[in-house]
Amino acid sequence: MIKSKDLLGIKELTSEEIYNILDAASNFKDVLKRDIKKVPPLRGKTVANLFFEPSTRTRTSFELAAKRLSADVINFSVPTSSVVKGETLMDTALTIRALGADLVVIRHASAGVPHFLSQIEDISVINAGDGTNEHPTQALLDLFTILSHKKKIKGLTVAIVGDISHSRVARSNIYALTKLGAKVRIICPPTLMPAEIGNLDIEIFDSMDKGLDNVDVIIMLRLQLERQSKGFFPSLEEYYNLYGLTTRRLALANKNTIVMHPGPMNRGVEIDSAVADGAQSVILEQVTNGLAVRMAVLYIYAGVKK
Ligand code: CP
């Protein structure tokens with residue numbers, strides 16, 4: 001049973017709470033297979049989407065999840081809001097609350113923004129990605145997708161490959177997978193490996209060929225070109241040559257290995273199109289599962305007593 005009113009990160013969740021959310025998502029996945037995909041549990045509730053960074057998958061799936069649950073939805077657009085006149089983040093959130101929002105879904109370039117807004121007592125804050133800190137619903141939908149293929153998490157070997165330094169997806173997935181008993185391998189250039197990662201219960205590789213040996217799941221990460229402040233590698237071509245997931249490299253894993261990517265992808269940089277669109281790719285399934293997982297998150301956190 002989840003007690004916190006806010007979903008701030010996977011770090012704060014117990015393994016039991018993670019499974020509570022995944023079980024609810026499984027029920028909502030069944031709802032989404034029906035002819036009529038809309039159910040009433042959030043009728044009368046209001047969900048506000050506050051996205052201060054670009055998003056396709058997370059924003060649209062939270063919006064659709066809220067609508068499938070019969071909630072009213074406010075989609076806050078930063079460029080046309082009073083943020084551009086200098087309104088503070090807290091005043092913006094308090095204004096949204098004054099309009100009656102029950103849940104605020106927030107994405108922001110600064111780590112810790114959801115934690116800051118969680119001081120507001122009578123709304124639930126859902127972290128949709130904060131800087132390089134966490135992206136909890138991405139990790140939850142990744143777990144859901146892995147479970148649907150592998151039927152378990154404990155004992156699996158999962159490789160997370162690429163730009164770990166700038167990746168909130170990597171952090172949330174490391175916390176989630178290790179809590180549930182998977183063995184996590186990080187494969188990345190030493191220049192994209194943050195120092196604090198060494199304290200976590202993971203294996204670290206700087207070679208794709210060694211790191212991919214016998215893994216069950218590969219999670220490729222987007223090279224976050226917009227967050228690169230200095231030259232972490234000589235060129236995109238060099239990065240692709242050393243860390244791109246090609247058909248040859250995928251064959252080093254095994255034929256049942258699934259390939260994941262949170263999106264958006266840089267095709268020809270971290271992943272080849274032949275792999276992204278190939279038989280072992282579950283990348284679009286991740287997107288589909290994101291809807292059921294976000295329905296579960298909204299449903300559960302709307303029900304927590306505030
Ligand atoms: N995976 C993910 O967060 O994608 P978007 O940036 O499109 O939401």
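Nothing here was measured: the structure is a model prediction, and the numbers come from that model. Counting starts at 1 for both ligands and their atoms, following the listed order. Keep in mind that the numbers below use all heavy atoms, side chains included, and drop hydrogens, waters and symmetry copies.
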Participant: Can you spot which of Ile21, Val293, Leu177 makes a side-chain contact (heavy atoms from CB on, under 4.5 Å) with Leu143?
Facilitator: Leu177

Participant: Any donor-acceptor pair under 3.5 Å linking the side-chain atoms of Asp142 with those of Gln286?
Facilitator: yes

Participant: List the atom of Arg168, the atom of His108, and the distance in Å for their closest heavy-atom pair.
Facilitator: NH1-O, 4.0 Å

Participant: With the criterion set at N/O pairs under 3.5 Å, what does the list of contacts between the protein and ligand 1 look like, atom names and distances included?
Facilitator:
unit_1	atom_1	unit_2	atom_2	d
ligand 1	1 (N)	Gln138	OE1	3.0
ligand 1	1 (N)	Pro262	O	2.8
ligand 1	1 (N)	Gly263	O	3.3
ligand 1	3 (O)	Thr58	OG1	3.0
ligand 1	3 (O)	Arg107	NH2	2.9
ligand 1	3 (O)	His135	NE2	2.9
ligand 1	4 (O)	Arg57	NE	3.1
ligand 1	6 (O)	Arg107	NH1	2.9
ligand 1	7 (O)	Thr56	N	2.8
ligand 1	7 (O)	Arg57	N	3.0
ligand 1	7 (O)	Arg57	NE	3.1
ligand 1	7 (O)	Arg57	NH2	3.2
ligand 1	8 (O)	Ser55	OG	2.6
ligand 1	8 (O)	Thr58	N	2.9
ligand 1	8 (O)	Thr58	OG1	2.6
ligand 1	8 (O)	Arg107	NH2	3.4

Participant: Taking the six-membered ring for Trp and the full ring for Phe, Tyr or His, determine whether the centres of Phe28 and Tyr299 are under 6.0 Å apart.
Facilitator: yes

Participant: Do Arg294 and Phe62 form a cation-pi contact, if we require the NZ or CZ to be under 6.0 Å from the six-membered ring centre and within 45 degrees of the ring's axis?
Facilitator: yes

Participant: For Asp6, what residues pass the side-chain hydrogen bond (donor to acceptor under 3.5 Å, both in side chains) criterion, not counting sequence neighbours?
Facilitator: none

